[in-house]
Amino acid sequence: MQIIRDIAMLHRAVTALKQGGRSVALVPTMGALHDGHLSLVRMARRVADHVVVSIFVNPTQFGPNEDFAAYPRDEARDAALLVEEGVALLWAPDVAVMYPGGHRTHIEVAELGADYCGAARPGHFDGVATVVAKLFNQVRPDVAIFGEKDWQQLAIIRRMTRDLDFALDIFGAPIARDDDGLALSSRNAYLSKDQRAAAAAFPKTLQAAAKAIAGGADVAETLAKAEAAIVKGGFDSVDYVALADAESLERLTEFRKPARLLAAARIGKTRLIDNWPVG
Ligand code: PAF
């Protein structure tokens, strides 16, 4: 696996990978890889001839009081995992390469980024959309794969890709979960043993609420009950539990398809997100 940190070298390496009409899939990550990321890499291998993974802890998607400095980083471990998965190229630019002095441009996907995680993390999705657009231009993949765990992020990236005519396909990969149902996340590493045990209440509550709504239960009542159950399960607070149109992300007060239950909750200093299909 080639590890590349320079844009001109990246262009040469991707051009070589694409020779003979071969296709390239990009899996953008911020490192701290776990089985969830590896499931994206495996999907990428199924749909393209070569896989490029990017590792870049993107400062512009973290708020001033968030965990940018503390975000887990272990490139050697990540690279070893990617070699085992048959990844052709690891794109690992540093901040000065991604955002050279004088960088002034950012992308805002209007409305889709304002609610849910966007409300709790102002500017977060502008940072995500901007870096993903840059990664698309840098790597020029035929396909890019994102996890469905960040459902709002995936919807925003799909919209941006259509709006800006990026010539690639976006694939969403199903959420990888631990045995007790907790969605795999790099941030699970922050949880103490007790918090980790309590965190299983989160997906269980969402699953039950999604089933109730699909079965005709009152939406507002079910969401309120789910919030209370998450706190009772050991979480300190709930940012939101919402029923959303799965594509436009519009909040729904009554069930109609396609719908998705979206949620974020805090346990100790850790903020976890998850989502569940409804119906
Ligand atoms: O989902 C992530 O890990 C990040 O938001 C992404 C898409 C790599 C952009 O920094």
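Just so it is clear, the model here is predicted, and its values are computed rather than measured. Ligands are counted one by one from 1 in listed order, and the atoms in each one are counted from 1 as well. Along the sequence shown, residues are numbered consecutively beginning with 1.
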Atom 3 (O) of ligand 1: the protein heavy-atom neighbour that sits closest, reported with distance to 0.1 Å: Met30 CG, 3.7 Å

Backbone or side-chain N or O of Gln153 under 3.5 Å from ligand 1 N or O: yes

Audit row: Tyr99, Asn58, side-chain hydrogen bond (donor to acceptor under 3.5 Å, both in side chains) steps and yes/no: CA-CA 10 Å; Tyr99 298 113; Asn58 174 33; 2.6 Å; yes

Residue pair Gly31 / Ser186: nearest heavy atoms and the distance that separates them: O-OG, 3.8 Å

Ligand 1 contact on Thr29 by region, counting heavy-atom pairs under 4.0 Å: backbone

Cation-aromatic face contact Arg158/Phe166, 6.0 Å, 45 degrees: no

Donor-acceptor contact present, side-chain Lys204 to main-chain Asp180, <3.5 Å: yes

Contacting atoms of ligand 1, where contact means under 4.0 angstrom from a heavy atom of Pro28: 8 (C)

Numbered atoms and elements of ligand 1 in range of Val131, under 4.0 angstrom, heavy atoms: 9 (C), 10 (O)

Side chain to side chain contact (heavy atoms under 4.5 Å, CB included) between Leu272 and Leu182, worked out: CA-CA 10 Å; Leu272 298 179; Leu182 184 67; 4.2 Å; yes

Closest protein heavy atom to atom 10 (O) of ligand 1, given as residue, atom name and distance to 0.1 Å: Gln61 OE1, 2.6 Å

